[in-house]
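This report refers to the structure that appears directly beneath it.
Each ligand, and each atom within it, is numbered from 1 in the order the structure gives.
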Amino acid sequence: MTEIKLFCPATIANLSCGFDVLGLCLDNAGDEMIVRKVTQKGIRITKITGADLPLETEKNVSGVAAVAMLEAYERDFEPITVGFEIEIYKHIKAGSGIGSSAASSAGAVFGINELLGRPYSRKDLVQFAMQGEKLASGNAHADNVAPALLGGFTLVRSYSPLDIIRIDSPEELFATVVHPQIELKTSDARSVLKQTVSLKSAIMQWGNVGGLIAGLYTKDYDLIGRSLHDEIVEPLRSVLIPGFDLIKQTALENGALGSGISGSGPSIFALSRGKETADKIAKAMSEVYENMNLPYEIHVSKINPDGVRIL
Ligand code: ADP
């Protein structure tokens, strides 16, 4: 095998109470990528469609993640005698809050791993994809690349040592994600955060994180809904997203289990039981932004149990 075509899924990080630790993988929103093994050594990004992103290996998250992986391969196994070309077909807008950079980082390392005969597990690949995230945001975070590679829900229990737990999603869980077409820089979304939290907020937050994890394991949709609250970040960040309160209220009134900011925004997600409810929420959210004359994109997706996949 010298070439593979991949689906590189979008992801929702944070999930209300799970700020910086939880994420989930979407099924029908994502990019495509072709990874090709060639005789010329090194990593080259030969084509990008759908977005104005750098082709230079060291400026594109897919290139940075791929280089991190090849360096590790040479340490762990043997010198590399081949090279790789990457083509990226973008469908997820950068800066949307649904893991655009993570999709490219995850796809690159997954594809190269397949073409090398699968020396690493999907979980091993997370640390390499994280290097792409470091380029995108200055921080080697795993809350988008982990679900993009592993599928389902993921919990980053610890970074040092890296400890990622994958959690199956209850079958009927669906996500609705709306992306208002405004620019919200990750740096601005970060700058509104406070560096300390009150004990009272912290207690509520870890109660909800525990509840959400328990709800996922026991497939208790009501418990999942009761736990989807964010005491700490949402109140500070939501003011940066036009119509946030109304979108969230609309989602809840239309049957959502919970709703909150996707990643660092501006996308807003809702989780619900069953596709019918998720579609109803999408329609109601769309009406809100249409009434505000704000362009938007919307996705309804089941939770992707597999992560990146070969097409
Ligand atoms: P999102 O909020 O959707 O996760 P990110 O903030 O993770 O988006 O990533 C966007 C940043 O990463 C932008 O500055 C973009 O230029 C940079 N970037 C570099 N390479 C890529 C790539 N292949 N795909 C997406 N973004 C990339």
Next on the checklist: As an exercise, state the distance from CG of D245 to OG1 of T250, rounded to the nearest 0.5 Å.
Outcome noted: 10.5 Å

Checklist entry - Is a donor on one side and an acceptor on the other found under 3.5 Å between the side chain of N60 and the backbone of P54? => result yes

Next on the checklist: Run K283 and D279 through side-chain contact (heavy atoms from CB on, under 4.5 Å) and show every step you take.
Outcome noted: CA-CA 6 Å; K283 190 162 171 278; D279 283 335; over 6 Å; no

Next on the checklist: Before we go on, tell me: are the rings of F128 and Y73 under 6.0 Å apart, centre to centre?
Outcome noted: no

Checklist entry - Are F19 and L15 grouped together when hydrophobic residues (ILVMFWY) are joined by side-chain heavy atoms under 4.5 angstrom apart? => result no

Checklist entry - Do other residues, nucleotides or ligands put more than 12 heavy atoms under 6.0 Å from the CD atom of E56? => result yes

Give a table of atom pairs where an N or O of ligand 1 lies under 3.5 Å from a protein N or O.
residue	atom	partner	partner atom	Å
ligand 1	2 (O)	G97	N	3.1
ligand 1	3 (O)	S96	N	3.2
ligand 1	3 (O)	S96	OG	3.3
ligand 1	3 (O)	G97	N	3.1
ligand 1	3 (O)	G99	N	3.4
ligand 1	3 (O)	S100	N	3.1
ligand 1	4 (O)	G99	N	3.2
ligand 1	4 (O)	S100	N	3.3
ligand 1	7 (O)	S101	OG	2.3
ligand 1	8 (O)	G95	N	3.1
ligand 1	9 (O)	S101	OG	3.2
ligand 1	20 (N)	N60	OD1	3.4
ligand 1	20 (N)	V61	N	3.1
ligand 1	23 (N)	N60	OD1	2.9
ligand 1	23 (N)	S104	OG	3.0
ligand 1	24 (N)	K90	NZ	3.0
ligand 1	24 (N)	S104	OG	3.4

